[in-house]
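I have placed the structure first, in the form of structure tokens, so that the comments after it can refer back to it.
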Amino acid sequence: MVRKENSKSGLKARKAGRAGSGLILAALAFGLTGQPAWAAEDPLLSRMTGDFVGRGTFKSSPSAEPEMVYCKITNALASGGTVLTQKGRCAVATNSGRVTGTMEAKGGGVYQGTLESLSTKGPVKFAGQASGDQITMNADFVDKRSSKPGKAVIQTVVGDGKYRTVSRTLDTKTQSEFVASDIVFTKQ
């Protein structure tokens, strides 16, 4: 059965319906995020999205005893899948605090970003290179204890439903390297 409607209200409804379907197609083409649907997600960053619980160790100095650290983190993709945003909290027996950061895939296996945590004054700035499932980054920060600039090498290895981050830091007083943190994040 073919329905013919010649009234002005019927014509307006059909035009509005066509305009609405055009908006839906535009939203689908942009993935509802404002980014074109063809913008590729970074394969390593996309494997680190979701809600994670992190467990591991933290040391504030080479001579300090390692403390157990516990984190609850939410990671999400932004900017068409090339930026990983991180929000959550980490706690040790003596302290706890907010963790926020971003990691951006610049292309060609190059990554950079920032991270604010309870052990630094201001953001840690890092940049580095990926090889396979591992990202190795050099980081610059200001140590909260000493208020001195510091350096670290951060290695993140991504696996199925988890990732491990190890931070090797150069002590600002002795200039000796030590493992400041070793945390395994498991997807919930």
Side-chain angles (χ1 to χ4, degrees), residues 42 44-131 134-158 162-187:
D42 181 79
L44 275 179
L45 297 182
S46 65
R47 291 170 55 199
M48 293 191 291
T49 60
D51 296 324
F52 289 83
V53 169
R55 290 182 173 89
T57 58
F58 168 79
K59 284 178 69 169
S60 59
S61 70
S63 60
E65 288 296 317
E67 294 184 68
M68 297 303 295
V69 63
Y70 177 82
C71 302
K72 287 186 88 171
I73 303 291
T74 298
N75 295 332
L77 289 177
S79 298
T82 60
V83 173
L84 184 76
T85 62
Q86 185 177 65
K87 293 180 183 177
R89 292 191 69 79
C90 287
V92 294
T94 58
N95 199 1
S96 72
R98 181 176 66 108
V99 174
T100 58
T102 61
M103 183 186 302
E104 182 178 7
K106 301 299 280 180
V110 174
Y111 294 83
Q112 70 179 32
T114 61
L115 179 71
E116 291 193 44
S117 74
L118 59 109
S119 62
T120 61
K121 282 186 178 180
V124 175
K125 295 178 182 176
F126 57 84
Q129 186 77 33
S131 177
Q134 180 172 305
I135 306 170
T136 302
M137 297 166 285
N138 293 310
D140 293 304
F141 62 93
V142 175
D143 182 72
K144 193 173 241 179
R145 282 183 310 112
S146 68
S147 295
K148 292 182 179 179
K151 295 197 176 292
V153 174
I154 304 168
Q155 292 179 313
T156 299
V157 179
V158 182
K162 62 183 173 182
Y163 62 95
R164 178 182 180 195
T165 298
V166 177
S167 175
R168 288 177 173 73
T169 302
L170 192 62
D171 182 55
T172 55
K173 289 181 182 178
T174 65
Q175 298 300 304
S176 61
E177 185 182 274
F178 68 101
V179 174
S181 64
D182 185 347
I183 306 171
V184 175
F185 293 89
T186 305
K187 195 168 194 173

* Structure fact -> Thr85 and Ala78 have their tightest heavy-atom pair at CG2-CB, 4.3 Å
* Taking every non-hydrogen atom, the tightest pair across Ala139 and Ile154 -> CB-CD1, 3.8 Å
* Which residue, Thr156, Ile135, Leu84, forms the side chain to side chain contact (heavy atoms under 4.5 Å, CB included) with Tyr111? -> Ile135
* Separation of Lys125 NZ from Leu115 CG (nearest 0.5 Å) -> 13.0 Å
* Do you know the tightest heavy-atom contact between Val69 and Cys90? -> CG2-CB, 4.3 Å
* Structure fact -> Closest non-hydrogen contact found for Ala152 with Thr169 is CB-OG1, 3.8 Å
* Asked: Should we say atom CD of Gln175 is surrounded by more than 12 heavy atoms from elsewhere, each under 6.0 Å from it?
  -> yes
* Identify, with sequence neighbours excluded, every residue that meets side chain to side chain donor-acceptor pair (under 3.5 Å) alongside Lys151. => Asp140
* To do: Taking all non-hydrogen atoms of both residues into account, name the closest pair between Asp42 and Leu44 and its distance.
  => OD2-N, 3.2 Å
* Asked: To the nearest 0.5 Å, how far apart are OG in Ser119 and CG in Asp143?
  -> 7.5 Å
* To do: Might you work through the side chain to side chain contact (heavy atoms under 4.5 Å, CB included) test for Asn95 and Phe58, ending with a clear yes or no?
  => CA-CA 11 Å; Asn95 199 1; Phe58 168 79; over 6 Å; no
* Asked: Do you know which two heavy atoms are closest between Ser61 and Arg145, and how far apart they sit?
  -> CB-NH2, 3.7 Å
* Asked: Does the side chain of Gln129 reach to within under 4.5 Å of the side chain of Thr136, using non-hydrogen atoms?
  -> no
* To do: Would you please test Val53 and Arg55 for side chain to side chain contact (heavy atoms under 4.5 Å, CB included) and show each step?
  => CA-CA 7 Å; Val53 169; Arg55 290 182 173 89; 3.4 Å; yes
* **Close side-chain approach of Leu77 and Val83, heavy atoms under 4.5 Å** => no
* Passes side chain to side chain contact (heavy atoms under 4.5 Å, CB included), Leu45 versus Thr82? Steps please. -> CA-CA 7 Å; Leu45 297 182; Thr82 60; 5.6 Å; no
* Asked: Do Pro66 and Lys59 touch side chain to side chain, with heavy atoms closer than 4.5 Å?
  -> yes
* Asked: Residues two or more places apart in sequence or in another chain: which of them pass side chain to side chain donor-acceptor pair (under 3.5 Å) with Ser176?
  -> Thr174
* For the pair Gln112 (side chain) and Met137 (backbone), establish whether a donor and an acceptor sit closer than 3.5 Å, ignoring hydrogens and angles. => no
* Can you check side chain to side chain contact (heavy atoms under 4.5 Å, CB included) on Gln86 and Met48, steps first, answer last? -> CA-CA 10 Å; Gln86 185 177 65; Met48 293 191 291; over 6 Å; no
* Under 4.5 Å between any side-chain heavy atoms of Val153 and Asn138, yes or no? -> yes
* Asked: Quick one: CE on Met68 to CD1 on Ile183, what's the gap to the nearest 0.5 Å?
  -> 10.0 Å
* To do: Give a yes or no answer on whether the side chain of Lys87 reaches the backbone of Arg98 with a donor-acceptor pair at less than 3.5 Å.
  => no
* Which word best sums up how the rings of Tyr163 and Phe52 line up, parallel for under 30°, tilted for 30 to 60°, or perpendicular for over 60°? -> perpendicular
* **Any side-chain heavy-atom pair of Ser181 and Thr165 under 4.5 Å** => no
* Value rounded to 0.5 Å, distance of CZ in Phe126 from OG in Ser167 -> 11.0 Å
* Structure fact -> To the nearest 0.5 Å, atom CG of Asp51 lies from atom CG of Asn75 at 8.5 Å
* Check: Lys144 and Thr120 side chains under 4.5 Å, non-hydrogen atoms -> no
